[in-house]
**Student:** 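Please read through the structure below; I'll follow up with questions.
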Amino acid sequence: MEMRLERVKGTRDFLPEEMAKRRWVFERVREVFERYNFREVLTPAFEYTDLFRLRSGEEVVKELYAFIDKGGRDVSLRPDMTSSVARLYVNRFQNAPKPVKWYYIANMFRYEEPQSGRFREFWQAGVELIGSDKVEADAEVIALFVQSYLATGLEGFTVNIGDRVLLDEFAKMLGVSDDIGLMRLIDKKDKLSREDFIKALKEFGLNDEGVEKVLSLVEIKGKPDEVLPMAEELFGSGEAKDEISRLYELVDLLDAYGVSKWIRIDLGIARGFDYYTSIVFEAIAPNDLGIGSIGGGGRYDNLIEVFGGKPTPATGFAIGLERLIPVLEWRGLIPEPKLRPDVYVIPIGRERAVKKVAIEVVTALREAGVEADVELTGRKLGKALDYAGRLGVPFVVLIGKRDLEGGRLTVRDMESGEQRAVEIERVVEELTELLGL
RNA sequence: GCCAGGGUGGUGUAGCCUGGUUAGCACAGGGGACUGUGGAUCCCCUAGCCCGGGUUCAAAUCCCGGCCCUGGCCCCA
């Protein structure tokens with residue numbers, strides 16, 4: 001009988017080298033989040049499917065890892081964290097001092113076809129700021145978004161800011177009833193050639209004037225001071241004017257945060273259309289890997305009410321780690337992890353007394369904070385040195401009967417090959433010094 | 001859900017088109033040559049045709065289905 005045990009489609013195993021690199025990225029991001037006074041939360045990996053249904057409608061269920069559990073519950077693995085965090089807030093934190101500032105670094109699951117930068121299990125690092133509808137909150141979150149990427153060493157990226165209110169107004173201006181369809185189309189503008197885009201707009205049902213307007217809208221893309229005046233020209237209504245002045249204030253505040261360099265306006269981005277209500281944004285880092293957005297977010301002022309809470313404004317973002325990490329790798333920004341001990345202790349021969357001294361020595365080294373390992377396979381000395389050499393271990397401690405009789409052991413510098421006899425009691429001191437600890 | 005291209009020891013590959021030796025090679029792993037001195041050399045060992053069905057005297061090879069991988073579409077909360 002042979003059993004086949006394979007990974008489930010769209011999932012991955014992470015080996016030590018990759019884990020070390022991932023953890024390095026996670027830590028950089030975590031540090032910035034905490035500096036901005038966001039605090040970590042973690043919710044269950046699965047929720048009632050109704051939670052996601054309530055937010056996004058029945059269609060999303062086919063994108064969910066959904067199943068019926070043994071108790072007959074209709075549950076789904078979380079496709080992102082925002083729903084769970086909003087649920088947690090509604091359950092227990094509606095009376096907490098505002099704003100509530102939470103962050104998470106966790107795995108998410110979506111039942112989709114795997115492709116470049118897309119897996120069925122993936123990780124996101126994100127924040128949610130709940131309880132302020134002020135533009136200051138948007139600015140704080142977007143500034144942190146920028147700083148999160150900077151903390152990983154990434155500099156070549158932009159954060160493009162769009163606005164759902166303006167897109168809605170725009171659809172109204174054009175007299176389009178299927179505003180979601182229009183937004184989907186506009187969101188694809190960068191994937192299509194200009195001709196195909198125009199063709200698609202006409203097929204959608206726009207007349208020449210409508211097409212012209214859409215083209216002027218997607219032109220509103222670039223540095224804020226250059227393109228926001230164009231937006232003022234395009235939009236007439238009062239609601240749009242208010243939203244545009246919100247954007248003006250936002251970019252002004254982002255200037256105070258010192259992150260203007262990375263900020264662009266792009267009124268053609270929609271970032272989906274489920275629950276965003278105002279400012280939306282996404283980060284793009286040019287690369288040859290076919291990876292587009294490396295993260296995004298926006299304001300969602302209705303979700304908490306939809307979940308049965310008091311109407312509460314909120315804003316947040318999520319960084320897609322499976323997209324960010326390859327880009328960082330591609331730019332050579334992640335340090336090579338050290339995947340070896342600093343000291344390797346080799347007992348020579350099979351005598352128990354020798355093996356015990358080896359264990360005592362490695363234990364003393366470990367207690368002194370040295371990353372130390374001990375030979376465990378009973379290999380002969382030659383092979384053991386070979387092993388240490390391949391690993392790149394800088395120092396080896398050799399313990400044999402001959403040295404032991406004089407109360408000593410041998411410390412070998414693997415690089416130079418130099419060896420010297422050291423008193424057993426002095427070996428920790430000697431090695432911590434050699435390692436500069 | 002749809003489309004294209006793939007799948008040979010742990011890794012990388014040859015063989016496939018044109019069916020026919022014991023499926024070859026390299027690296028990695030274990031052991032030995034060498035019972036106290038490393039990355040070399042030599043020898044030995046471990047280990048593979050994704051799964052199932054079909055065609056055939058004969059299938060890694062041809063056909064069908066499935067699974068998985070890579071990428072694209074849809075969707076992207």
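The model shown is predicted, which means the values in this text are computed figures rather than measured ones. Quick note: numbers below take in every heavy atom, side chains included, and nothing from hydrogens, waters or symmetry partners. Chain A is the first sequence line, chain B the second, and so forth, proteins listed ahead of strands; every chain is numbered from 1.
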**Student:** Specify the separation, in whole Å, of atom CZ of A:F109 and atom C1' of B:C75.
**Tutor:**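 Going from A:F109 (CZ) to B:C75 (C1'), I get 19 Å.
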
**Student:** Please give the distance between the C1' atoms of B:U21 and B:U61 as a whole number of Å.
**Tutor:**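 Between the two C1' atoms, the distance is 16 Å.
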
**Student:** Looking at every strand, decide which applies to A:K191 at a 4.0 Å heavy-atom threshold: base, sugar-phosphate, or nothing.
**Tutor:**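 Since a base atom lies under 4.0 Å of A:K191, the category is base.
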
**Student:** Take atom C1' in B:G24 and the same atom in B:G48, then report the distance between them in whole Å.
**Tutor:**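 Between the two C1' atoms, the distance is 12 Å.
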
**Student:** Does the A:R366 side chain pair with the main chain of A:A372, one donor and one acceptor, at a distance under 3.5 Å?
**Tutor:**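 Yes; at least one donor-acceptor contact below 3.5 Å.
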
**Student:** Within the distance-only criterion (no hydrogens, no angle test), does the side chain of A:R12 pair as donor or acceptor with the backbone N or O of A:E121 below 3.5 angstrom?
**Tutor:**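 It does hold such a pair.
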
**Student:** When both hydrogen-bonding distances must be under 3.5 Å and the geometry is Watson-Crick or G-U wobble, what is B:U70 paired with, if anything?
**Tutor:**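 B:A4 - that is the nucleotide pairing with B:U70, both distances being under 3.5 Å.
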
**Student:** Is there a donor-acceptor pair under 3.5 Å between the side chain of A:T49 and the backbone N or O of A:V75?
**Tutor:**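 Judged by distance alone, yes, a pair lies under 3.5 Å.
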
**Student:** When you measure from the centre of the six-membered ring of A:Y111, is the NZ or CZ of A:R120 closer than 6.0 Å and no more than 45° off the axis?
**Tutor:**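 Relative to the ring axis of A:Y111, which defines the angle, A:R120 lies inside both limits.
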
**Student:** Now, which nucleotide makes the Watson-Crick or G-U wobble pair with B:G48, with each of the two distances under 3.5 Å?
**Tutor:**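 Paired with no nucleotide.
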
**Student:** Let's test this: given Watson-Crick or G-U wobble pairing with both distances under 3.5 Å, identify the partner of B:C62.
**Tutor:**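 Base-paired to B:G54.
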
**Student:** Just by distance, do the side chain of A:D373 and the backbone of A:V343 share a donor-acceptor pair under 3.5 Å?
**Tutor:**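 Side chain of A:D373 to backbone of A:V343: no pair is present.
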
**Student:** Roughly, in whole Å, what's the span from CD1 in A:I284 to P in B:C76?
**Tutor:**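 The answer, rounded to whole Å, is 16 Å.
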
**Student:** Which part of the nucleic acid, if any, lies within contact of A:G10, taking any heavy atom under 4.0 Å across all strands shown: a base, the sugar-phosphate backbone alone, or nothing?
**Tutor:**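 Sugar-phosphate contact only.
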
**Student:** Is a side-chain donor or acceptor of A:E375 paired with a backbone partner of A:T377 at a separation under 3.5 angstrom?
**Tutor:**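 Checking the backbone N and O of A:T377 against the side chain of A:E375, a donor-acceptor pair under 3.5 Å is found.
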
**Student:** For A:L289 and B:G71, what is the distance between atoms CG and P respectively, to the nearest whole Å?
**Tutor:**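 Whole-Å distance recorded here is 10 Å.
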
**Student:** Distance check, P atoms only: B:U41 and B:C27, in whole angstrom units.
**Tutor:**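 These two P atoms come out 8 Å apart once rounded.
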
**Student:** Searching all strands shown, indicate the nucleotide that pairs with B:G10 (Watson-Crick or G-U wobble; both distances under 3.5 Å).
**Tutor:**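 B:G10 is paired, partner B:C27.
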
**Student:** I'd like to compare against my own output: the B/S/- annotation of nucleotides 1-11 of chain B with a strict under-4.0 Å heavy-atom distance to protein.
**Tutor:** BB---------

**Student:** Which letter, B, S or -, goes with each nucleotide of nucleotides 32-39 of chain B from 5' to 3', with contact meaning a protein heavy atom under 4.0 Å?
**Tutor:** BS--BBBB

**Student:** CD of A:E322 versus C1' of B:C76: gap in Å, rounded?
**Tutor:**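 A:E322 atom CD is separated from B:C76 atom C1' by 15 Å.
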
**Student:** Would you indicate, yes or no, if B:C74 has its OP1 or OP2 atom less than 4.0 angstrom from a side-chain nitrogen or oxygen of A:K62?
**Tutor:**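 Indeed not, no polar side-chain atom of A:K62 lies that close.
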
**Student:** Do you see a donor-acceptor pair shorter than 3.5 Å between the side chains of A:Y48 and A:R53?
**Tutor:**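 No pair is found: no donor N or O on one side chain lies under 3.5 Å from an acceptor on the other.
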
**Student:** In this structure, how many angstroms lie between the C1' atom of B:C73 and the CG atom of A:D196, rounded?
**Tutor:**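 These atoms are roughly 15 Å apart.
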
**Student:** Just name whichever nucleotide pairs with B:A33, Watson-Crick or G-U, keeping both distances under 3.5 Å, else none.
**Tutor:**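 The answer is B:U41, by the H-bond criterion.
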
**Student:** Could you work out which one of B:A77, B:C69, B:C75 sits closest to the side chain of A:S56?
**Tutor:**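 Among B:A77, B:C69, B:C75, the one nearest the side chain of A:S56 is B:A77.
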
**Student:** Whole Å only: how far is the CZ atom of A:F119 from the C1' atom of B:U70?
**Tutor:**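 It is 10 Å, rounded to the nearest whole Å.
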
**Student:** Does a nitrogen or oxygen in the side chain of A:R118 sit under 4.0 Å from OP1 or OP2 of B:C76?
**Tutor:**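 For A:R118, the contact criterion (side-chain N or O under 4.0 Å from OP1 or OP2 of B:C76) is not met.
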
**Student:** Can you tell me which nucleotide in B:C74, B:A77, B:U70 comes closest to the side chain of A:P114?
**Tutor:**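 Closest nucleotide among those given: B:U70.
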
**Student:** In terms of the angle between their ring planes, are A:F145 and A:F317 parallel, tilted or perpendicular, with boundaries placed at 30° and 60°?
**Tutor:**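 Rings of A:F145 and A:F317: tilted, as their planes differ by 30° to 60°.
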
**Student:** For A:S83 and A:L51, indicate whether the former's side chain and the latter's backbone hold a donor-acceptor pair under 3.5 Å.
**Tutor:**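 Pair absent, no side-chain N/O of A:S83 close to backbone of A:L51.
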
**Student:** Please report the distance separating the C1' of B:C25 from the corresponding atom of B:G32, rounded so that it comes out in whole Å.
**Tutor:**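 Result for the C1' pair: 23 Å, nearest Å.
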
**Student:** Taking any strand in view, what nucleotide pairs with B:C16 in a Watson-Crick or G-U wobble way, both distances under 3.5 Å?
**Tutor:**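 The answer is none; no pair meets the criterion.
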
**Student:** Write down the distance separating the P atoms in B:U22 and B:A59, rounded off to the nearest Å.
**Tutor:**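 That atom pair is separated by 13 Å.
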
**Student:** How would you label the contact of A:R53 with the nucleic acid (heavy atoms, under 4.0 Å): base, sugar-phosphate, or nothing?
**Tutor:**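 No contact.
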
**Student:** Whole Å only: how far is the CG atom of A:D187 from the C1' atom of B:A77?
**Tutor:**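 Taking CG of A:D187 and C1' of B:A77, I get 13 Å after rounding.
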
**Student:** Starting at CZ of A:R120 and ending at P of B:C76, how long is that distance when rounded to a whole Å?
**Tutor:**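 It is 17 Å, rounded to the nearest whole Å.
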
**Student:** Under 3.5 Å, is there a donor-acceptor pair linking the side chains of A:T410 and A:Q419?
**Tutor:**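 Short answer, no.
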
**Student:** For A:F157 and A:Y149, take the angle between the two ring planes, folded into 0 to 90°, and tell me which bin it lands in: parallel under 30, tilted 30 to 60, perpendicular over 60.
**Tutor:**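 Rings of A:F157 and A:Y149: tilted, as their planes differ by 30° to 60°.
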
**Student:** Could you tell me how far B:C62 sits from B:U55 if I compare only their C1' atoms? Round to whole Å.
**Tutor:**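 Comparing C1' positions in B:U55 and B:C62 gives a spacing of 8 Å.
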
**Student:** Please report the distance separating the C1' of B:U11 from the corresponding atom of B:G5, rounded so that it comes out in whole Å.
**Tutor:**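 Here B:U11 and B:G5 have their C1' atoms 22 Å from each other.
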
**Student:** Taking only the C1' atom of each, what is the distance from B:A40 to B:A33 in whole angstrom?
**Tutor:**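 That atom pair is separated by 14 Å.
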
**Student:** Report yes or no: does A:E305 contribute a side-chain atom to a donor-acceptor pair with the main-chain N or O of A:G308 at less than 3.5 Å?
**Tutor:**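 Pair absent, no side-chain N/O of A:E305 close to backbone of A:G308.
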
